[in-house]
Amino acid sequence: MSSGFSRRNLLVGMGAAAASPAFASPARWLAPHDAKRAAVAATTTADGMILLSRNENPYGPLPSAHEAMRDALVHANRYSFPPDYAALVGCISKLHAVRGTDVVLGAGSTEILRMSADAFTGPGKRLITGHPTFEAMAAYASRLGTEIVPVPLTASYAHDLEAMLRAASGAAGGLIYICNPNNPTGSLTPASELEAFRRSLPSGYVLLVDEAYHHFADGFPGYAAQAPADNVIIARTFSKVYGMAGIRLGYAVATPGRAKELEKWQLEANINAVAAQCSAVAMDDAAGVREAARRIVADREDFMRQAKARGLKVIPSYTNFAMMEAGHPAPQVIEYFGRNKVQIGRPFPPMTTHVRISFGTPAEMKRFWQVWDGMKLAALSFAPAQSLAAAKYRWDGSC
Ligand SMILES: Cc1ncc(COP(=O)(O)O)c(C=O)c1O
């Protein structure tokens with residue numbers, strides 16, 4: 001993900017904020033993030049928009065990482081400041097019980113997805129994905145002339161592994177992308193099924209398991225992190241539990257052979273020196289990571305309680321967001337929330353009346369529910385669902 005790509009999405013996402021006077025002066029919109037202050041994250045934009053749209057961590061980086069970030073800034077004149085890369089790779093290797101040669105760093109796990117598309121897809125190859133799932137993989141593979149085969153999720157929103165296996169037959173191979181837990185549904189594909197699936201993968205295929213939301217599912221029945229194998233690559237990110245989406249850091253764990261194939265497509269010096277240093281500190285802070293996950297799981301439980309009290313249908317979530325039936329066309333609900341200064345997730349066809357809510361701080365969620373409760377009146381002016389159900393939606397590059 002280049003910085004231009006991110007900036008474009010941010011501007012699109014913030015809409016009116018880009019034109020507001022506050023946006024004109026960096027000093028004004030940066031003020032709440034003043035580095036001299038403690039690790040207090042601000043998710044509300046300068047014009048007061050609450051951001052519940054991109055599955056970020058509203059609490060910001062771990063305090064230990066925040067401090068390391070500030071310390072690392074003095075090395076910003078260097079491409080890297082040894083042993084930063086090595087220290088980070090060392091932390092990742094230790095966590096996953098693999099060797100350094102099995103780790104590939106990316107500017108966000110998005111770069112890992114892009115490297116995988118470059119390495120394992122192309123003309124004559126297939127990409128098999130769930131539907132709906134995180135669209136980046138399909139977007140990258142399709143640019144390369146790959147045949148994209150979207151396989152609908154099951155009734156419990158798991159990946160339909162049998163159908164994915166069927167879809168894999170009769171092609172020269174390619175890539176199978178499984179997001180577990182899945183974005184945007186927040187749902188699990190059971191560990192026991194995944195194990196059998198990986199053993200029966202047809203030759204010529206590589207399975208990429210995207211575990212961006214691992215920490216919010218870890219320890220829950222039915223979930224298990226996957227291990228790398230000759231035909232299995234795991235992707236992880238620092239954008240979620242670590243609260244460092246803007247730092248842009250992700251990684252893959254693979255066998256050395258697969259890691260080399262990915263690295264052919266890696267940008268030189270793709271990790272900035274600040275990211276490398278603060279992420280090693282974050283990873284080493286096991287207690288801090290546990291606490292960050294616990295807090296968001298508690299927020300999730302609160303969200304479910306609030307939804308239940310209102311009789312709403314929410315897909316059980318193992319992530320830091322939830323997909324909920326809104327009873328109205330998603331684009332209208334999104335627009336209504338935007339007008340009320342709450343930015344929720346974009347549309348996720350074919351789920352035309354579901355909306356995806358990323359969990360914010362308790363104060364932000366209080367506001368979210370106030371706006372939700374006010375929707376009854378606004379909905380009187382919504383267009384009939386059928387008129388929007390068929391609307392085409394193109395992925396805007398955001399999470
Ligand atoms: C499943 C999944 N994978 C990857 C990403 C990209 O994350 P990043 O590039 O910030 O690591 C996201 C973003 O939300 C995601 O939902």
Side-chain angles (χ1 to χ4, degrees), residues 1-10 13 43 51-58 60-61 88 92 103-117 127 129-141 153 157 159 175-189 207-217 223 225-226 233-253 262 266-267 270-272 275-276 278-279 282-283 296 317-323 343-346 348 356-359 395-399:
M1 181 188 280
S2 72
S3 56
F5 182 88
S6 309
R7 197 163 46 243
R8 175 173 59 78
N9 289 327
L10 192 67
T43 48
L51 301 177
L52 308 179
S53 56
R54 300 180 81 187
N55 303 344
E56 297 150 339
N57 181 336
L88 173 59
I92 297 171
V103 176
V104 180
L105 300 177
S109 55
T110 306
E111 193 190 0
I112 300 296
L113 268 49
R114 211 220 51 226
M115 286 184 227
S116 306
L127 170 75
T129 73
H131 186 55
T133 194
F134 185 51
E135 297 99 323
M137 195 75 245
Y140 298 140
L153 302 177
Y157 302 99
H159 283 79
L175 192 64
I176 302 180
Y177 173 71
I178 291 196
C179 183
N180 193 38
N182 189 44
N183 179 13
T185 49
S187 45
L188 282 190
T189 297
L207 168 64
L208 181 81
V209 186
D210 185 338
E211 295 182 344
Y213 301 98
H214 159 81
H215 293 86
F216 311 120
Y223 176 78
Q226 297 301 301
I233 297 171
I234 313 302
R236 291 276 184 97
T237 180
F238 280 81
S239 298
K240 308 302 172 185
V241 78
Y242 294 100
M244 303 200 297
I247 284 286
R248 308 306 303 130
L249 185 66
Y251 64 91
V253 188
L262 288 179
Q266 188 181 38
L267 190 70
N270 62 341
I271 307 305
N272 70 71
C278 68
S279 52
M283 219 170 205
I296 286 172
S317 168
Y318 295 83
T319 58
N320 61 344
F321 59 86
M323 190 75 156
Q343 191 175 88
I344 61 172
R346 61 203 159 77
F348 293 97
R356 194 195 65 188
I357 318 299
S358 309
F359 306 136
W395 182 50
D396 65 1
S398 68
C399 292

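Fair warning: this is a prediction, and the values are worked out from it, not measured in the lab. Counting starts at 1 for both ligands and their atoms, following the listed order.
When side chains are defined from C-beta on, V241 does not count as touching I296, because their heavy atoms never get closer than 4.5 Å. Annotation: side chain of Y157 is not in contact with side chain of M323 (no heavy-atom distance under 4.5 Å).
Which parts of ligand 1 touch C399 is read off a 4.0 Å heavy-atom cut-off, strictly below it: atoms 13 (C), 14 (O). Close approach of ligand 1 to S239 is summarised as follows: ligand atoms under 4.0 Å from at least one heavy atom of the residue are 8 (P), 10 (O), 11 (O). Close approach of ligand 1 to C179 is summarised as follows: ligand atoms under 4.0 Å from at least one heavy atom of the residue are 1 (C). The T237 neighbourhood of ligand 1 comprises atoms 8 (P), 10 (O), 11 (O), with distances under 4.0 Å to a heavy atom of that residue. Close approach to K240 involves these atoms of ligand 1, each under 4.0 Å from a residue heavy atom: 13 (C), 14 (O). The ligand atoms of ligand 1 that sit less than 4.0 angstrom from a heavy atom of R248 are 8 (P), 9 (O), 10 (O).
At a heavy-atom cutoff of 4.0 Å, ligand 1 is contacted by no atom of N55, backbone or side chain. Only side-chain heavy atoms of A212 come within less than 4.0 Å of ligand 1; its backbone N, CA, C and O stay farther off.
Considering backbone and side-chain N/O atoms, R54 never comes within less than 3.5 Å of an N/O atom of ligand 1. Of the polar atoms of Y177, none of the N or O atoms is found under 3.5 Å from an N or O of ligand 1, judged by distance alone.
With hydrogens and angles disregarded, a donor-acceptor distance shorter than 3.5 Å links the side chain of E111 to the backbone of L267. Of the possible donor and acceptor atoms, none in the side chain of N55 sits under 3.5 Å from a partner among the backbone N and O of N320. R356 contributes a side-chain N or O that, together with a main-chain N or O of S53, makes up a donor-acceptor pair within less than 3.5 Å.
Every heavy atom of G250 sits 4.0 Å or more from the atoms of ligand 1.
There is no side-chain donor-acceptor pair under 3.5 Å between S187 and N182. No hydrogens or angles considered: nothing links the side chains of Y242 and N57 as a donor-acceptor pair under 3.5 Å.
Ring pair W395/F134 is perpendicular by interplanar angle, where above 60° counts as perpendicular and below 30° as parallel.
For atom 16 (O) of ligand 1, the nearest non-hydrogen atom from the set F134, Y213, Y251 belongs to Y213.
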